[in-house]
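What follows is a single structure, written as structure tokens, with notes after it.
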Amino acid sequence: MPPSDKAYVPFVSVDHMMQIVHRVGLPQMLRGIAGAIEADFQRWEQFDKTPRVASHSAEGVIELMPTSDGAVYGFKYVNGHPGNTRDGLQTVTAFGLLADVGTGYPVLLSEMTLLTALRTAAMSAVAAKYLAPQGATTMAMIGNGAQAEFQSLAMQAILGITEVRLYDIDAAATAKCAANLAGTGLTVTACTSAEEAIEGAQILTTCTADKQYATILTDNMVGAGVHINAIGGDCPGKTELAAEILHRADIFVEYPEQTRIEGEIQQLPADHPVTELWQVIAGRTPGRRNDRQITLFDSVGFAIEDFSALRFLRDKARDTGLFLPLDLLADPDDPRDLYGMLMRAAPAASAA
């Protein structure tokens with residue numbers, strides 16, 4: 001017996017995701033996700049909010065990130081395992097789901113390894129739009145792994161930067177990133193130290209993978225007037241910035257209850273003042289106030305950003321037809337007779 005229409009959930013595979021990006025265009029995808037994030041941050045108070053549910057191990061972390069706006073529920077499953085690349089595996093993999101709150105039925109299931117890369121970059125660019133110096137043209141990209149190209153292209157698409165300066169302790173990663181960014185219209189400079197990378201940069205982005213307290217930027221490396229996107233610190237015991245920088249910067253976060261556990265501000269007292277970025281985007285509090293202010297977006301990633309990306313993707317999958325109807329939900333003729341549905345599916349007995 002074939003499944004009914006109620007059994008099917010649109011599924012966006014990795015192949016579908018890549019096709020959607022190429023059909024829509026990467027800059028347009030980044031701008032679209034950024035626009036969805038801004039719209040949802042402006043209605044921040046409508047969402048359920050909770051720190052992600054994390055399962056930590058010596059090798060990494062596995063997390064669930066749920067939220068709902070009262071009409072649609074969403075969650076993401078995501079891992080972070082820095083050692084995976086040694087075995088030819090991704091550091092981060094993810095998938096996510098949207099569901100109708102009224103019925104509980106899923107309305108979208110999607111890969112989110114690629115989508116997370118896009119939304120992380122879009123989120124960084126949204127923050128920089130409100131916090132970076134006006135007219136910023138140059139970004140230092142410290143950490144040239146899987147996220148670096150997306151960060152660079154999001155800053156180009158949304159802020160209009162023209163130059164990116166790359167550094168990674170692994171020179172092969174920098175060479176990979178520089179080669180991938182060739183022909184994008186960005187001026188790309190491969191650097192041999194973090195100090196060289198930040199020369200002349202108005203935006204400093206750190207995105208490293210090691211699960212440890214690290215000092216990617218020291219206090220004397222950060223001058224007045226810059227904006228820092230610190231996106232590599234995303235779990236307890238993992239940071240990238242010297243604590244002295246935090247005391248000099250105005251700090252903006254997604255959700256304080258989560259960032260104080262996982263972000264750079266885990267180095268600070270629990271009452272250290274921070275500003276929630278949604279309040280800036282909604283126009284309730286200022287972001288950058290003057291040319292000498294150091295602004296820091298202490299980003300750990302939050303479920304509402306994934307919700308925004310999934311919401312945008314759902315529309316694009318429907319518009320392009322790039323999804324697979326997945327037989328995911330049992331749908332018996334009588335909702336109370338799941339057993340009968342199972343028995344009716346039994347193979348016919350062979351003829352003697």
Side-chain angles (χ1 to χ4, degrees), residues 120-121 123-156 158-178 180-181 184-210 212-234 238-252 263-265 267 287-288 290-299:
T120 301
M123 185 68 245
S124 292
V126 167
K129 174 181 174 181
Y130 289 90
L131 302 177
Q134 188 172 8
T137 61
T138 304
M139 179 178 75
M141 185 71 235
I142 301 174
N144 300 157
Q147 179 62 208
E149 294 91 341
F150 295 99
Q151 289 284 324
S152 300
L153 293 171
M155 293 293 180
Q156 179 190 40
I158 295 164
L159 264 71
I161 70 163
T162 57
E163 181 177 359
V164 60
R165 299 174 62 80
L166 306 176
Y167 172 68
D168 194 290
I169 57 172
D170 180 359
T174 299
K176 175 271 303 179
C177 187
N180 285 342
L181 292 174
T184 62
L186 287 169
T187 298
V188 179
T189 303
C191 302
T192 58
S193 68
E195 290 82 358
E196 181 186 357
I198 67 174
E199 291 177 7
Q202 300 93 13
I203 300 171
L204 315 180
T205 297
T206 58
C207 185
T208 59
D210 282 348
Q212 62 177 337
Y213 290 114
T215 306
I216 307 303
L217 294 181
T218 58
D219 187 34
N220 65 343
M221 292 169 66
V222 177
V226 302
H227 170 63
I228 305 169
N229 276 321
I231 61 176
D234 57 5
K238 182 184 178 192
T239 59
E240 298 180 310
L241 307 183
E244 293 81 3
I245 297 171
L246 308 182
H247 289 287
R248 295 168 52 212
D250 289 316
I251 302 171
F252 299 81
E264 296 298 324
I265 59 173
Q267 304 179 69
R288 174 166 289 275
N290 60 67
D291 292 342
R292 294 191 58 78
Q293 180 185 13
I294 298 171
T295 54
L296 165 62
F297 179 42
D298 187 2
S299 177

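- For the pair Glu240 (side chain) and Glu264 (backbone), a donor-acceptor distance under 3.5 Å is absent.
- Within the structure, salt bridge (Lys or Arg N to Asp or Glu O under 4.0 Å) contacts touching residues 128-142 (residues at least two apart or in different chains) are Glu38-Lys129.
- Taking CG of Leu246 as the reference point, atom CD1 of Ile294 lies at 10.5 Å (rounded to 0.5 Å).
- To the nearest 0.5 Å, atoms CD (Gln147) and CD1 (Ile231) are separated by 5.0 Å.
- Annotation for Asn290: atom CG counts as buried by contact number, over 12 foreign heavy atoms lying within 6.0 Å.
- Counting heavy atoms from C-beta on, the side chains of Leu204 and Leu217 come closer than 4.5 Å.
- Remark: Leu296 CG to Asn229 CG distance equals 8.5 Å, nearest 0.5 Å.
- In this structure the side chain of Gln156 never reaches within 4.5 angstrom of the side chain of Met139, judged on heavy atoms.
- A donor-acceptor pair under 3.5 Å links the side-chain atoms of Asp298 to the main chain of Ile265, judged by distance alone.
- Not a single donor-acceptor pair under 3.5 Å links the side chain of Thr215 to the backbone N or O of Thr218.
- When side chains are defined from C-beta on, His227 counts as touching Arg288, because their heavy atoms get closer than 4.5 Å.
- With rounding to the nearest 0.5 angstrom, the CD1 atom of Ile251 is 10.5 Å from the CD1 atom of Ile245.
- Smallest separation of non-hydrogen atoms from Gln267 and Ala242: OE1-C, 4.4 Å.
- Taking both residues in full, the closest heavy atoms of Val164 and Ser152 are given as CG2-OG, 3.5 Å, listed atom of the first, atom of the second, then distance.
- A distance of 14.0 Å separates SG of Cys177 from OH of Tyr167, quoted to the nearest 0.5 Å.
- Using a 4.5 Å heavy-atom threshold, the side chains of Leu186 and Ile161 count as touching.
- Side-chain atoms of Gln202 come within 3.5 Å of backbone N or O of Thr138 as a donor-acceptor pair.
- Of all heavy-atom pairs spanning Ala197 and Cys191, the tightest one is CA-SG, 3.6 Å.
- Checked options Val188, Thr189, Ile142; the residue passing with Arg165 is Thr189 (criterion: side-chain contact (heavy atoms from CB on, under 4.5 Å)).
- Within the 4.5 Å cutoff, no side-chain heavy atoms of Thr137 are placed close to those of Glu163.
- The distance from atom CD1 of Ile198 to atom OG of Ser193, rounded to the nearest 0.5 Å, is 8.5 Å.
- Side chains of Gln151 and Thr205: a donor-acceptor N/O pair is absent below 3.5 angstrom, by distance only.
- In this structure, a donor-acceptor pair under 3.5 Å is absent between the side chains of Thr174 and Asp168.
- Contact of the Thr295 side chain with the Phe252 side chain is registered, since non-hydrogen atoms from C-beta on lie closer than 4.5 Å.
- Minimum heavy-atom separation, Leu159 to Ala132: CD2-CB, 4.3 Å.
- Using a 4.5 Å cut-off on side-chain heavy atoms (C-beta onward), Val222 and Leu241 make no contact.
- Contact record, Ile216 with Met221: O-CE, 4.0 Å, taken as the closest heavy-atom pair.
- The heavy-atom pair separating Pro133 from Gly225 by the smallest distance is CG-O, 2.9 Å.
- Side chains of Asn144 and Asp170 form no contact here, defined as non-hydrogen atoms less than 4.5 Å apart.
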